[in-house]
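Each remark here refers to the structure printed beneath this line.
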Amino acid sequence: MRLFSRALNRVILVVKNMKEKKLRSSEWFGRTGKDGFIYRSWMKNQGIPAHEFKGKPVIGICNTWSELTPCNAHFRELAESVKHGIYEAGGFPVEFPVMSLGETLIKPTAMLYRNLVSMDVEESIRANPLDGVVLLCGCDKTTPSLIMGACSVNIPTIVVSGGAMLTGKYQGHDIGTTDVWRFSEAQRAGRMSEEEMNVAEACMSRSRGHCAVMGTASTMAVMTEALGLSLPENAAIPAADSRRKVLAHMSGMRIVDMVKEDLKLSDILTPQAFENAILTNAAIGGSTNFIIHLLAIAGRIGVNLTIDDFDTTSKGIPLLANLQPSGKYFMEDLYYAGGIPAVMKELDSFLNKETVAVSGQAISQNYQNSQCYNREVIATVAEPFNLAAGITVVKGNLCENGAVLKPSAASTALMQHTGKAVVFENIEDYKARIDDPLLDVDENSVLVLKNVGPKGYPGMPEVGNMSIPKKLLAKGVTDMVRISDGRMSGTGFGTVVLHVSPEAAAGGTIAIVQNGDRIKLDVFNKELMIELSDEEIAERKKHLQQSHHLADRGYTFLYQQNVEQAHLGADFGFLKGGSGSEVLRDSH
Ligand code: FES
């Protein structure tokens with residue numbers, strides 16, 4: 001009954017909006033005199049008659065296509081499908097580029113530029129005659145950066161993800177990005193040759209799309225679907241599957257109606273929608289990067305989300321998806337098993353069912369008719385793959401503002417562990433010494449890497465899952481406790497404590513850790529402690545010296561001056577919230 005009255009209210013609201021709402025683009029194309037001449041005339045140089053764009057919903061297609069972002073290299077084709085849908089629904093599509101972030105090629109790390117792209121997106125949307133926008137996202141940072149930027153404008157917006165690659169096939173085995181870490185360890189231990197590595201490279205990336213495991217890109221696509229920002233099934237349709245294009249076409253059609261209904265991001269991104277995303281992320285064993293990006297998105301749309309909410313909201317949610325790196329299967333398998341709708345159906349009793357999705361309907365409509373076709377891939381809540389799911393937030397005197405760990409990717413035996421610290425002052429120090437035969441380390445040691453946080457590196461790279469020292473690999477050691485103020489690839493695994501906040505470069509306690517200090521990790525009690533007195537910590541902090549490089553110009557200067565700590569989402573303080581869609585001054 002509540003659902004019905006909600007739907008009825010929505011219909012009344014839509015009719016009212018359609019009567020009252022003037023198209024934003026009419027401020028450009030609907031003008032008379034010199035201004036209207038200029039706005040329309042230059043559009044006509046593309047061979048477009050005025051009736052195509054005047055008086056119709058103008059829909060921007062924000063495209064992160066780039067040959068330097070291989071995961072998104074098929075986006076021109078995807079954009080064509082979106083355009084067909086927009087035309088079919090009576091809108092006018094305009095495709096525009098923004099900076100694209102290819103995880104594999106960009107140096108020093110794509111995360112450094114997430115906030116920059118979000119600014120590019122925000123200003124591109126606001127500055128142009130757009131009534132609605134379709135975000136084409138794929139590789140890790142392209143999703144959060146586009147959503148963050150769009151939130152700060154808050155016009156009708158829909159996300160179309162690019163889809164994952166087909167499952168890799170190597171020597172009769174299924175492989176994906178998680179195997180890169182395994183191959184690398186095998187090569188370092190002498191079990192895999194350079195030639196075999198070269199063959200595996202081609203076998204893994206055998207189709208268009210992003211990483212085929214539940215890494216950060218897939219996690220972001222799931223987040224999008226669980227928030228209600230995409231049509232159902234968006235997260236898991238493989239990039240190479242023709243149904244990906246159908247989804248893009250349907251999304252193009254839908255955004256035109258969203259403009260007519262004036263269904264904005266702020267109508268969809270409620271606190272309850274964020275809870276749904278956290279619950280779903282726990283169930284699928286999503287990347288630790290989920291936390292940092294969701295916090296940043298919440299900050300833009302004005303939802304008060306904290307790092308502690310991730311723990312409390314996902315309490316009791318078990319692991320329902322058997323996907324690498326926490327499990328066995330790949331994104332392609334997830335789609336054939338029923339996709340995210342089937343996962344959300346399992347979570348139905350936990351979810352906020354009435355949050356509105358881009359469809360204009362309750363999110364429960366996205367999954368209520370779905371089915372699971374393979375219980376090897378998607379489990380029931382009654383019989384999950386692992387009781388430990390979600391992302392655990394630990395606190396203590398080594399991370400006063402928190403740090404994160406993914407239990408489903410960690411070793412049970414190391415969840416409660418105390419060991420002596422082996423400290424690397426920065427990434428160069430780590431690279432120089434990790435395989436040194438003289439390194440004073442054993443399997444009980446705790447590896448600590450400093451100065452890879454937001455300010456320190458800068459940009460918080462994915463280096464937190466440090467390699468196991470070669471001499472321990474040779475002894476058969478496969479996991480150790482590793483702690484850093486950096487991040488880890490969503491495809492990585494191990495007992496890895498990440499995002500330590502405050503970071504070393506901001507004067508956090510991690511900066512004063514010395515070789516031989518005893519560190520205690522207790523995941524069950526959510527604690528990370530260094531066994532030093534408060535007095536000793538304070539005394540060591542007095543003698544701290546700045547050990548990270550500070551940029552004196554350009555974007556990196558802006559970044560280091562303004563980036564917030566990981567537990568706040570590592571956004572720029574001055575980008576929190578939004579400036580809306582109004583253009584305040586007009587030069588014509
Ligand atoms: Fe693009 Fe993994 S490198 S998603």
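Counting starts at 1 for both ligands and their atoms, in listed order.
When each of L351, T270, T313 is tested with E275 by the rule side-chain contact (heavy atoms from CB on, under 4.5 Å), just one qualifies, namely T313. Applying side-chain contact (heavy atoms from CB on, under 4.5 Å) to M344 and the options L320, I363, N366, L279 leaves one that passes, I363.
Counting backbone and side-chain atoms alike, C71 contributes an N/O/S atom closer than 2.8 Å to atom 1 (Fe) of ligand 1. Metal site remark for atom 2 (Fe) of ligand 1: C211 contributes an N, O or S atom at a distance under 2.8 Å. Residue C139 counts as close to atom 1 (Fe) of ligand 1, with an N, O or S atom under 2.8 Å.
Inter-residue side-chain proximity for L305 and F310 is flagged as met; some heavy-atom pair is nearer than 4.5 Å. For the pair L227/I268, no side-chain contact is recorded, criterion being any heavy-atom separation below 4.5 Å from C-beta on.
Taking the ring axis of Y457 as reference, the NZ or CZ atom of R487 does not stay both within 45° of it and closer than 6.0 Å to the ring centre.
The atoms of ligand 1 that sit less than 4.0 Å from any heavy atom of A217 are 4 (S). Less than 4.0 angstrom separates some heavy atom of E103 from each of these atoms of ligand 1: 3 (S). Close contacts of ligand 1 with H210, meaning ligand atoms under 4.0 Å from a residue heavy atom, involve 4 (S). Interface of T104 with ligand 1, defined as ligand atoms under 4.0 Å from a residue heavy atom, comprises 3 (S).
In this structure, D140 counts as a contact residue of ligand 1, since one of its heavy atoms falls inside 4.0 Å of the ligand.
Sparse packing is recorded around NZ of K470, with 12 or fewer heavy atoms of other residues, nucleotides or ligands lying under 6.0 Å away.
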